[in-house]
Every structure is written in C-alpha cells, then in structure tokens.
Amino acid sequence: DMKVTQMPRYLIKRMGENVLLECGQDMSHETMYWYRQDPGLGLQLIYISYDVDSNSEGDIPKGYRVSRKKREHFSLILDSAKTNQTSVYFCASSLGGSAETLYFGSGTRLTVL
Amino acid sequence: QQNVQQSPESLIVPEGARTSLNCTFSDSASQYFWWYRQHSGKAPKALMSIFSNGEKEEGRFTIHLNKASLHFSLHIRDSQPSDSALYLCAVNTGYQNFYFGKGTSLTVIP
C-alpha cells in the first residue's frame, strides 16, 4: 500500500523553540517535497529533495532547513520557530520526473505561540 | 516565476449539477497539468492529469487543456455531495517543481 506518513499530526511550540517534522514513504520514491498550506495562499514549496543529500530550495526556504539521509525519510527543521511559521505542513513524494503524480502525507498542523 | 490562478474561489451547486472549475497559468513553457482534490482536514490527492492539448474524460470528470490560452479546466458531471472539497490545480514546467493555485472550494448541496 503506497503511503506517505507524517509525524506528528499536531504540534504546539513556543516561539524560539526548535521544531522537527518527519516524513516517511514506503514507495522508494526518489523525489520528496515539503509544502506549507495557509488559507488564501495555497500550497507553497519550501524544499525539494531529488535523492539522499540532494536538496534544493523551493519558493519559501527562509527559516527552514531539511535533511534526507535515507531515500525513504525526509525531515523539515525549524531552528528557533517564529509565530509566522504557524501553518499546515505537507510532505509529498513522487517517482521523480515532472510527469509524475505527487503523493501527499496527511499533514502536520503546527502552531507556534 | 509561474503564476497559477484559479476561479471561482468558491462554488455552491445542487446535487446533480454540472460544475466547471478554471485554472490559468503564466508560463507558456508549462508541460504538465493536474487537478488535485482535498477533502476537509485531509491530504491533497491527485484526481486527473493532462499533458497535451485537448480533452480527457474519466468517469464523471473531464479535463480540458488549451496551452495557447494558458488555460485548463475541470468539469464534473452529475455532482455529488462527496465531491465537496477544495480543488487545487497544479502546473509543472519540467523541473519537478509543481506550482499550485490557491484552490476552489466546492460545496454540493443534497
């Protein structure tokens, strides 16, 4: 069963704390993504990873970093979280190639107080 | 940078109606086009894709693409309450970066 798993589903942090969002996929997909979704703004790409240790900034990378040490696992790190990073974060994966479908995880709702 | 716009922002239709959703894009080099559907509180899920000008039908759903007009659309025949969701269009120019529209919120009333 093709699946993208995100942990945790809900997270509340205080401003200045570090945040780790984790994503796993069981499809051996090469390419993985981190998006954030905000009302009225749609899905915005934070980072894209083409394979292990091959990461590229998306449209809104400021304040975020990523780590991909295994093909099936992709982490998003917020060092010293800010209130404007309150959002729903989605991880996605694809086989690689622009004609491939994205498979999304269920999302992490992050609140930074 | 790609600019993807969707219209309308929201739509309320009665059960059984034909529904049309629109998406325009700015980059004429765009090659790949999708519609994703996101039920409330859930993950977006791919609905349909099209890669060449024309029309593609899958069940109650039809997608039209006109690259010259920088426009594609999704048509839903015999809309059902279960079709109520946020519909997101996505465009890819060939570099694996998918640009999404802000979405159209569809409500189908029984």
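These figures come from a predicted structure and were not determined experimentally. Hydrogens, waters and symmetry mates are skipped; everything else that's a heavy atom, side chains included, is used. By convention in this document, chain letters (A, B, ...) are assigned in the order of the sequence lines, proteins followed by strands, and residues within each chain are numbered from 1.
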Do any N or O atoms from the side chain of [X] and from the backbone of [Y] form a donor-acceptor pair under 3.5 angstrom?
| X | Y | value |
| --- | --- | --- |
| B:Asn66 | B:Ser69 | yes |
| A:Ser49 | A:Asp51 | yes |
| B:Gln6 | B:Tyr87 | yes |
| B:Ser79 | B:Ala17 | yes |
| A:Ser87 | A:Gln37 | yes |
| B:Ser84 | B:Val108 | yes |
| B:Arg18 | B:Arg77 | no |

Can you tell which part of [X] gets under 4.5 Å to a heavy atom of chain B, answering side chain, backbone, both or neither?
| X | value |
| --- | --- |
| A:Ile48 | side chain |
| A:Tyr50 | side chain |
| A:Gln44 | neither |
| A:Leu43 | both |

- request: Hey, can you tell me if A:Tyr35 and A:Phe104 have their rings parallel, tilted or perpendicular (30° and 60° cut-offs)?
  value: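 Rings of A:Tyr35 and A:Phe104: tilted, 30 to 60°.
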
Mutual orientation of the aromatic rings belonging to A:His29 and A:Tyr103 [parallel < 30°, tilted 30-60°, perpendicular > 60°]: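 A:His29 and A:Tyr103: tilted rings.
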
Interatomic spacing from OH in A:Tyr47 to CG in A:Leu76 - rounded to 0.5 Å: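 So the gap between those two atoms works out to 9.0 Å.
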
field: Interface residues of residues 55-75 of chain A facing chain B - heavy atom cut-off under 4.5 Å
entry: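 When heavy atoms of chain B are the reference, residues 55-75 of chain A contributes A:Asp59 within the under-4.5 Å range.
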
message: side-chain hydrogen bond (donor to acceptor under 3.5 Å, both in side chains), that's the test. Do B:His75 and B:Thr62 meet it? Break it down for me.
response: CA-CA 5 Å; B:His75 305 275; B:Thr62 303; over 6 Å; no

- prompt: Do any of residues 19-58 of chain B have a heavy atom less than 4.5 Å from a heavy atom of chain A, and if so, which, in residue order?
  reply: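 B:Tyr32, B:Trp34, B:Tyr36, B:Gln38, B:Gly41, B:Lys42, B:Ala43, B:Pro44, B:Ala46, B:Phe51, listed by number.
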
